[in-house]
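Presented below is the structure to which this report refers.
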Amino acid sequence: MAHTFTYPRDVKTVYYFGTCLVDMSFPQAGMAGIHLLRRAGVEVVFPQEQSCCGQPAYNSGFLEEAKAVARAQIKAFSRADWPIVVPSGSCAGMMRHHYPEMFANDPEYFDVRKFSERVFELGDFLHNALHVRYEDKGKPVKVTWHSSCHAMREMGATAAAKALIGQLSNVELVEIEREYECCGFGGTFSIKQPEISAAMVADKIEDIRATGASAILSGDCGCLMNIGGAMEHKGVPVAPRHLAEFIWERING
Amino acid sequence: MGSQHLDFTANVTEALADRQLRANFKSALTGLMKKRVAVLPDAAERERMRDDAEAAKRKALAKLPELLERLERKCTENGIIVHWAETTAEANEIILGIMRSHDATKLVKGKSMVSEEMHLNHFLETHGIEALETDLGEFIIQLNHEPPSHIIVPAVHKNRQQVGRIFADNLQGIPYTDVVEELNAIARKTLREKFRTGHVGLSGVNFAVAETGTLVLVENEGNGRMCTTVPPVHVAVMGLEKVVESLSDLPPLLRLLTASATGQLVTTYVNCITSPRKDGERDGPKEIHLVILDNGRSKMLADAQLRRTLQCIRCGTCLNHCPVYIRIGGHAYGSVYPGPIGKILTPQIDGLADKGVLATASSLCNACEEVCPVRIPIPGIIRRMRTEAYDEKGDGVVKGHGAKKNLLETLVWKGWELTYRIPALNRFVVSMLGRFGDKLPNVGPLKAWTSVRTAPRFAPKSLHQLAKEEGIRHE
Ligand code: SF4
């Protein structure tokens, strides 16, 4: 599914949706995203009532619970119609594509759709809406890239991420074999089917190792937690990094 | 098999431990993936074809009852005898009846997944009838007493050394060889004798054309053609979703079926069967039967979302692209239809109580939907299966809805909902995790997670806190 979005122009203010995982475990990656947006000249608003996109329940078969949490997010971002930028392709995909699905038969469907059309993935937004330019101040380094399945297949955000990495002159990007293949996270999948998930992440790590890169970048903390946790468990010395955090460090030297 | 209880976890453990199996699957399926891309290089053209193929199938499903009636009328006019079977048991009885009316004891079979769904071979055996598979892959695994592990490449889990062993062990007077040409020659010689002496030939149906009453059969080996022309009687079996309206619906479907299944531009044989042997014709069966099976399909048809399952043309490419299928192979699913399509089709046929677990075997990565030639929204229907498995009340339409409902999960998700719906509770829980998250007991989900990964870490300060401290506007 290649998706072409209509990007807003002359953006002055955006909402930021941090995601539950970033909030709890990767707040620095979340802050880096905010910094990158502000550096691009936009004001960032972070509603404190936000929490989780609802995907875990939605994918696990608990639709009513997912809808209740989704409603809370829609409410938290309803005071203005600014774009909503998300440092996670997976959560962005949930809010952009699955919210309208979940509410297809409800009276609020059209409002939900209007909300969904305001949702963008961070890297995609920086590149395609804000047209950012970066100057690399870091030392030469070799990295590789992993897209979450939803960043790639639902949000079409892979090309933008690679374009951003491409702006960093001292960063060499080596592509991973079977880049299209899922890392085995899949939220509750990794818990419901731990053995299959373990086999998938083990193969992913082999492919990462084969690139010889010293860091694996991604725009999704779910994948990073899965791949990073498994690499640490195995003692594989490759650093898992969120794209925003990586870029923020490179451009600040 | 059938709707027996499935111990999926045990199957998975066993499959993952088999290194040879994993290697066979990976190499075979990576090959098929590459071939598909090579034969459909122009993305825009491929997407146009998919639009047309999907439209043809959706149109057919939208007026299925009418098309099936037309198909029956046309076939009857053409001299094909049409039978209807609501259940697999009925379908088996019909075929047994046809065999008996001809005093037939030997059935030669082309490839047919519906006959697998019916467990036809086993049924016939118990009635003293020999059912012989003639598709090369089916032949190999029948010799080895196994069910198919892939809907297009039934013996994909075997490499040529294993095939050589199976031949040497099960065919009389055949020494071991792993030379592909020799293996082919052995199969060919054995199978020819079967075609020559078979009483009735059986085949599946890829597409049945209502307009003309034509049964379209796609194959590569020529064995299908042997089954449908050499024996004096031919029985074709199909699920009722195989009907399309007219011949002009076929081109995109045939192109995509072939390209998606085996990465070929065209297939070796496209058989179009319209009638039994006519006066003055020199070959072909004297009698043709068409058995049309429901087995739960009309129920799927009645539901707008589940209906899309019936668009499937059984190309198998969703299996080839599924990271789960690639690792565990077809047998682990313990079901006739494995892989992504099996995860949505099997619970709908066999019920959620026995087969609902299959819907958990997906990371919802969407690879299947991305390649499905008729654009079946497989991940969406997987989610639907998961929801119905817990939904006791609701409007569950799949057999056994609510079968997985349990107090623990209900409570966990209710707690999850409250935590993420009520901001004050959310702040409290997140700060507790930040403080005590690393002291969580290593049980349940955490134990599953940490078997191959280090435990997740919780930051001392949440993003909510950091953003506030940095003075980010928060409305
Ligand atoms: S679901 Fe789609 S990809 Fe899978 S076998 Fe059916 S038609 Fe092919």
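All values derive from a computational prediction rather than experimental measurement. Chain letters run A, B, ... following the sequence lines, proteins first, then strands; residues in each count from 1.
With a threshold of 4.5 angstrom between heavy atoms, B/Ile326 approaches chain A through side-chain atoms but not through N, CA, C or O. B/Thr450 touches chain A through its backbone: at least one of N, CA, C or O sits under 4.5 Å from a heavy atom, while the side chain does not. Heavy atoms closer than 4.5 Å to chain A are found in both the backbone and the side chain of B/Leu466. For A/Ser148, no part lies near chain B; criterion is any non-hydrogen pair under 4.5 Å. At a 4.5 Å heavy-atom cutoff, the contact between B/Phe458 and chain A is made by backbone and side-chain atoms alike. Both the backbone and the side chain of B/Glu409 come within less than 4.5 Å of a heavy atom in chain A. Using a 4.5 Å cut-off between heavy atoms, B/Arg375 does not touch chain A at all. Interface residue B/Ser451: only backbone heavy atoms are found under 4.5 Å from chain A. Interface residue A/Tyr16: only side-chain heavy atoms are found under 4.5 Å from chain B. Heavy atoms closer than 4.5 Å to chain A are found nowhere in B/Ser431, neither backbone nor side chain. The contact between B/Trp413 and chain A is made by backbone and side chain atoms together, counting heavy-atom distances below 4.5 Å. Using a 4.5 Å cut-off between heavy atoms, B/Ile328 touches chain A through its side chain atoms alone. Both the backbone and the side chain of B/Ala367 come within contact range of chain A, with heavy atoms under 4.5 Å apart. Interface remark: A/Arg71 contributes no atoms to any contact with chain B (heavy atom separation under 4.5 Å). With a threshold of 4.5 angstrom between heavy atoms, B/Met385 does not approach chain A through any atom at all. The contact between A/Ala230 and chain B is made by backbone and side chain atoms together, counting heavy-atom distances below 4.5 Å.
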Candidate pair A/Glu181 and B/Arg327, rule salt bridge (charged side-chain N to carboxylate O under 4.0 Å, His left out), full reasoning:
CA-CA 12 Å; A/Glu181 199 176 69; B/Arg327 288 182 176 78; 2.8 Å; yes
Please lay out, stage by stage, how A/Asp203 and B/Arg22 fare under the test salt bridge (charged side-chain N to carboxylate O under 4.0 Å, His left out).
CA-CA 12 Å; A/Asp203 289 351; B/Arg22 278 180 73 179; 3.5 Å; yes
Can you check side chain to side chain contact (heavy atoms under 4.5 Å, CB included) on A/Asn226 and B/Trp449, steps first, answer last?
CA-CA 9 Å; A/Asn226 180 43; B/Trp449 176 266; 3.9 Å; yes
Run the side chain to side chain contact (heavy atoms under 4.5 Å, CB included) check on B/Val452 and A/Lys234 step by step: do they pass?
CA-CA 8 Å; B/Val452 294; A/Lys234 270 196 177 164; over 6 Å; no
Under the side chain to side chain contact (heavy atoms under 4.5 Å, CB included) criterion, do A/Lys192 and B/Val357 qualify, and how do the steps go?
CA-CA 10 Å; A/Lys192 292 239 165 182; B/Val357 63; over 6 Å; no
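Using a 4.5 Å heavy-atom threshold, the side chains of B/Arg427 and A/Ser51 count as separate. Looking at B/Asn426 and A/Glu49, their side chains never come closer than 4.5 Å, going by heavy atoms from C-beta outward.
In summary, B/Arg457 and A/Glu232 engage in a salt bridge, as defined by a charged side-chain N under 4.0 Å from a carboxylate O. A salt bridge does not link A/Glu206 to B/Lys26: none of the charged side-chain nitrogens sits closer than 4.0 Å to a carboxylate oxygen. Taking a cutoff of 4.0 Å between a charged side-chain nitrogen and a carboxylate oxygen, A/Glu101 and B/Arg384 do not qualify as a salt bridge. Ion pairing of B/Lys414 with A/Glu65 is absent here, as no side-chain N (NZ or NE/NH1/NH2) approaches a carboxylate O to less than 4.0 Å.
Between the side chain of B/Arg383 and the main chain of A/Ser60, no donor-acceptor pair closer than 3.5 Å is present. B/His464 places a side-chain N or O within 3.5 Å of a backbone atom of A/Gln48 that can act as its donor or acceptor partner. Using a distance-only test at 3.5 Å, with no hydrogens or angles considered, a donor-acceptor pair links the side chain of A/Asp23 to the main chain of B/Leu463. For the pair B/Ser363 (side chain) and A/Gly186 (backbone), a donor-acceptor distance under 3.5 Å is absent. Between the B/Thr387 side chain and the A/Leu63 main chain, no donor and acceptor come within less than 3.5 Å of each other.
Here A/Cys52 is the residue among A/Ala66, A/Ala80, A/Cys52, A/Ala202 with the most heavy-atom pairs under 4.5 Å with chain B. When each of A/Ala70, A/Ala68, A/Ala29 is scored by its heavy-atom pairs under 4.5 Å with chain B, the top score falls to A/Ala68. Most heavy-atom pairs under 4.5 Å with chain B, from the set A/Lys75, A/Glu64, A/Gln50: that is A/Gln50. The candidate with the highest count of non-hydrogen atom pairs below 4.5 Å against chain A, out of B/Gly434, B/Pro323, B/Pro456, is B/Pro323. Looking only at heavy-atom pairs under 4.5 Å with chain B, the residue among A/Ser90, A/Gly30, A/Pro47, A/Ala199 that has the most is A/Ala199. For the set B/Thr30, B/Thr419, B/Leu364, B/Leu418, the entry with the most heavy-atom pairs within less than 4.5 Å of chain A is B/Leu364.
Taking every heavy atom of both residues into account, A/Ala57 and B/Trp416 meet most closely at CB-CZ3, 3.4 Å. Listed here is the closest heavy atom pair of B/Cys365 and A/Arg153: O-NH1, 2.8 Å. Scanning both residues, B/Arg453 and A/Ser190, for their nearest heavy atoms gives NH2-CB, 4.1 Å. In plain terms, the two heavy atoms of A/Gln193 and B/Ala361 that are nearest each other are CG-CA, 4.0 Å. Among all heavy-atom pairs drawn from A/Ile196 and B/Leu16, the shortest one is N-CD1, 4.0 Å. Residue A/Gln73 comes nearest to B/Tyr420 through the heavy atom pair NE2-O, 3.7 Å, listed as atom of the first residue, atom of the second, then distance.
Note: B/Thr360 OG1 to A/Asn59 CG = 12.5 Å, rounded to the nearest 0.5 Å. Note that CG of B/Asn366 and CE of A/Met152 are 9.5 Å apart. Values are rounded to the nearest 0.5 Å.
Dense packing is recorded around CD of B/Gln305, with more than 12 heavy atoms of other residues, nucleotides or ligands lying under 6.0 Å away.
With no hydrogens or angles considered, no side-chain donor-acceptor pair links A/Thr188 and B/Arg386 at under 3.5 Å. For the residue pair A/His35 and B/Glu470, a side-chain donor N or O sits within less than 3.5 Å of a side-chain acceptor on the partner.
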